[in-house]
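Order of listing sets the numbers, starting from 1, for every ligand and every atom in it.
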Amino acid sequence: MFATSSQTCHAILEEVFGYAQFRGPQQDIIEHVANGGDALVLMPTGGGKSLCYQIPAIARQRAGWGVTLVISPLIALMHDQVGALHEAGVSAAFLNSTLSADAAYQVEQRMLRGDITLLYAAPERVTSSRFLAQLDSLFERGQLSLFAIDEAHCVSQWGHDFRPEYRALTVLHERFPTVPRMALTATADALTQSDILERLQLEGARAFVSSFDRPNIRYTIVEKRDSIQQLLRFIEREHEGDAGIVYCQSRRKVEDVAQTLVEAGINALPYHAGLDSRMRQDHQDRFLREEGVVMVATIAFGMGIDKPDVRFVAHLDMPKNIEGYYQETGRAGRDGLPAYAWMAYGLQDVVNQRRMIDESPAGEEFKQGLRGKLDALLGLAEATDCRRVRLLAYFGEHLGHDPQATAEPSQDMSTFQAGVESTAAKPAAARYRCMNCDNCLNPPEVWDGTDAARKLLSTIYRIQQSSGMSFGAGHVMDILRGKATEKVIQHGHTELSTFGIGSDFSEVQLRGVLRQLIAIGAVSVDAQAFNTLQLTEQSRAVLRGEVQVQLRESVSALSSRKGKRAGAGSAAIKAPIALDGEGLVRYAALKAWRGEVAREHNLPAYVIFHDSTLAAIAKRAPQTLGDLQGISGIGSKKLEAYAQEVLRVVSIR
Ligand code: ADP
Ligand code: ZN
């Protein structure tokens with residue numbers, strides 16, 4: 001058996017997957033693993049992790065090393081992954097609880113005969129004594145080629161998705177120490193990383209850490225007004241007919257939003273843990289298989305959804321922390337084509353999230369940690385500089401400093417002082433502009449809210465002094481702005497020295513100030529007492545003018561944008577590359593044909609061909625088999641299986 005050359009790996013990339021080039025670090029990883037090296041692969045969602053084990057598996061199988069075992073917790077995905085490999089002409093199978101005993105037995109027999117290149121299995125299956133005995137038999141014959149442990153962060157208690165059954169995977173290196181192992185994950189944080197290394201005994205493995213930047217995702221965070229209407233306009237303006245995910249916090253809201261979207265003619269479906277499992281499964285299948293479905297969901301949805309053409313992820317409520325935000329938005333644009341991460345955020349989000357932490361039964365130290373994480377996210381939402389710089393800085397990556405720099409995860413929150421800056425100099429990186437986030441594309445006006453903040457805090461103070469009571473945001477705002485409402489008069493608050501001292505500021509401005517003050521902990525909201533506002537330790541520094549409060553000027557998020565894109569009528573079809581009229585007709589015909597094939601094979605459409613592949617075909621208008629050569633995404637098996645039909649479909653247009 002020989003070392004696997006770089007030509008071999010590249011040949012597999014072209015021949016089997018139909019791609020001309022490796023992406024990012026894929027080549028290094030694949031060659032290292034194909035030659036029997038252990039590896040830890042950290043790559044963002046959509047980075048192309050699957051090929052990192054699939055190509056070594058194929059190369060090693062061809063060189064006589066036998067079967068690769070892929071361990072994944074995502075049972076729901078295995079069927080489609082194996083289906084995609086079949087489409088590419090690779091022998092693959094899965095073993096999980098969805099198979100009947102008889103079907104599982106058939107798969108085991110195929111594996112023992114050496115008929116399978118990649119076997120996907122759930123961790124509890126892999127560590128069962130029956131299965132281990134079968135692995136023993138393969139191992140003894142030198143037919144156990146590689147272990148690929150996907151979603152490896154599940155082994156760590158620090159990860160957000162700890163799965164105890166992953167712990168038992170230590171048996172693999174204990175029992176089969178000479179079989180190469182690789183662990184793959186899209187979770188970057190340092191604790192999780194070191195846990196993976198230790199638990200899976202990968203200390204000696206080569207670590208491949210990619211940049212976590214997702215340059216094709218455009219980050220936008222708008223101020224919440226009427227969020228459902230804002231969402232509707234966002235979809236109508238930017239994403240007509242596109243597949244997307246809308247995240248909401250509660251089940252109730254999921255239902256409401258889904259219904260509103262449906263009434264507006266959008267193909268939307270709800271998904272949350274309160275729906276019965278059959279309906280959930282059905283909605284998930286439709287999202288994966290149909291085109292242009294918008295899934296309105298709680299965070300129960302998304303783990304293991306590897307649909308590549310999700311064009312937008314919208315948040316109608318703020319997640320708990322940046323990890324969550326990054327993971328959820330990361331589900332957009334896996335195919336590398338332009339995609340949107342859009343969030344509407346407002347005062348209520350800050351209040352709700354703080355309250356959930358305060359009311360949780362956790363210990364104070366743990367809560368403090370949660371608050372720190374929330375603050376980092378609030379800082380991102382209130383930021384007036386590049387969102388991408390802030391996001392990546394959170395994961396220890398510094399854009400604009402060193403383009404080659406890779407992630408060096410840290411949980412240092414010090415760079416996350418909201419829009420609030422103690423007058424210390426900004427880090428140089430803060431001036432970097434990615435030109436693909438709202439703040440870079442449309443730099444917000446910034447105003448100095450320090451004075452307004454002090455007036456607001458004094459008002460809260462005076463109210464409390466005069467009446468010994470606390471009041472909510474609306475009442476405080478009325479006093480500040482000098483509005484003599486019935487309630488204000490009734491409590492004698494027109495007499496306060498602060499009555500009307502904020503009349504120069506608009507209510508929107510004052511709400512922005514209040515949001516920031518809550519975000520930095522200079523005002524707390526008492527959930528037990530009708531959401532009344534209270535001063536805190538940190539209020540003093542603001543009152544003394546030691547902390548500057550920088551705010552974004554509220555521009556109507558809706559007014560300034562241009563109208564619809566030309567030609568984006570409801571029946572119009574959008575292609576990922578520029579196509580002329582005839583090209584679009586061919587593209588539409590190809591999509592319709594692909595839909596039929598996908599239904600016949602019971603697979604999602606993108607498994608047959610990606611949109612980008614269909615668009616490239618439509619553009620080339622091929623007449624012969626030769627014309628199809630070299631189009632990205634057409635491997636030799638697909639060429640053989642589909643070329644004739646593709647030529648027929650494009651020729652009749
Ligand atoms: P991950 O598991 O890291 O989220 P995937 O392995 O699902 O990412 O890959 C994301 C998408 O990118 C897939 O649709 C895959 O076909 C595509 N892809 C991966 N590598 C390449 C490549 N070298 N060239 C073109 N497309 C690629
Ligand atoms: Zn930017």
Discussion item. Looking at Phe609, I'd like to know if the NZ or CZ of Lys638 sits under 6.0 Å from its six-membered ring centre while staying within 45 degrees of the ring's axis.
Written reply: yes

Protein contact to [atom] [nearest heavy atom, distance to 0.1 Å]:
atom: atom 17 (C) of ligand 1; result: Arg23 NH2, 3.7 Å
atom: atom 1 (P) of ligand 1; result: Gly46 N, 3.5 Å
atom: atom 11 (C) of ligand 1; result: Arg334 O, 3.8 Å
atom: atom 16 (O) of ligand 1; result: Tyr19 OH, 2.7 Å

Fill in: Side chain to side chain, Thr68 and Pro56, heavy atoms closer than 4.5 Å
no

Item to complete: Answer yes or no: is there a side-chain heavy-atom contact under 4.5 Å between Met78 and Ser72?
Response: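 Yes - at least one pair of side-chain heavy atoms lies under 4.5 Å apart.
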
Backbone or side-chain N or O of [X] under 3.5 Å from ligand 1 N or O:
X: Thr45; answer: no
X: His610; answer: yes
X: Asp306; answer: no

Give the atom numbers and elements of ligand 1 that come within less than 4.0 Å of a heavy atom of [X].
X: Pro44; answer: 3 (O)
X: Ser50; answer: 2 (O), 5 (P), 6 (O), 7 (O)
X: Gly48; answer: 1 (P), 3 (O), 5 (P), 6 (O), 8 (O), 9 (O), 19 (C)

Worksheet item: So what does the Cys386 SG - the Zn ion (ligand 2) - Cys434 SG angle come to, to 10°?
Response: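 Reported to 10°, the angle equals 100°.
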
Worksheet, complete the sentence: Looking at Met43, Gln21, Gln26, the heavy atom closest to atom 19 (C) of ligand 1 belongs to Gln26

For the residue pair [X] and [Y], is the inter-centroid distance of their aromatic rings smaller than 6.0 Å?
X: Phe22; Y: His10; result: yes
X: Phe287; Y: Tyr271; result: no
X: His283; Y: Phe301; result: no
X: Phe234; Y: Phe312; result: yes

Worksheet item: Quick one: does ligand 1 sit under 4.0 Å from the side chain of Phe22, the backbone, both or neither, non-hydrogen atoms only?
Response: backbone

Worksheet item: Is the number of heavy atoms from other residues, nucleotides or ligands within 6.0 Å of CG (Leu74) greater than 12?
Response: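 Check passes, neighbour count above 12.
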
Item to complete: Assess the side chains of Gln327 and Glu323: does a donor N or O sit below 3.5 Å from an acceptor N or O?
Response: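 Absent: no donor and acceptor within the cut-off.
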
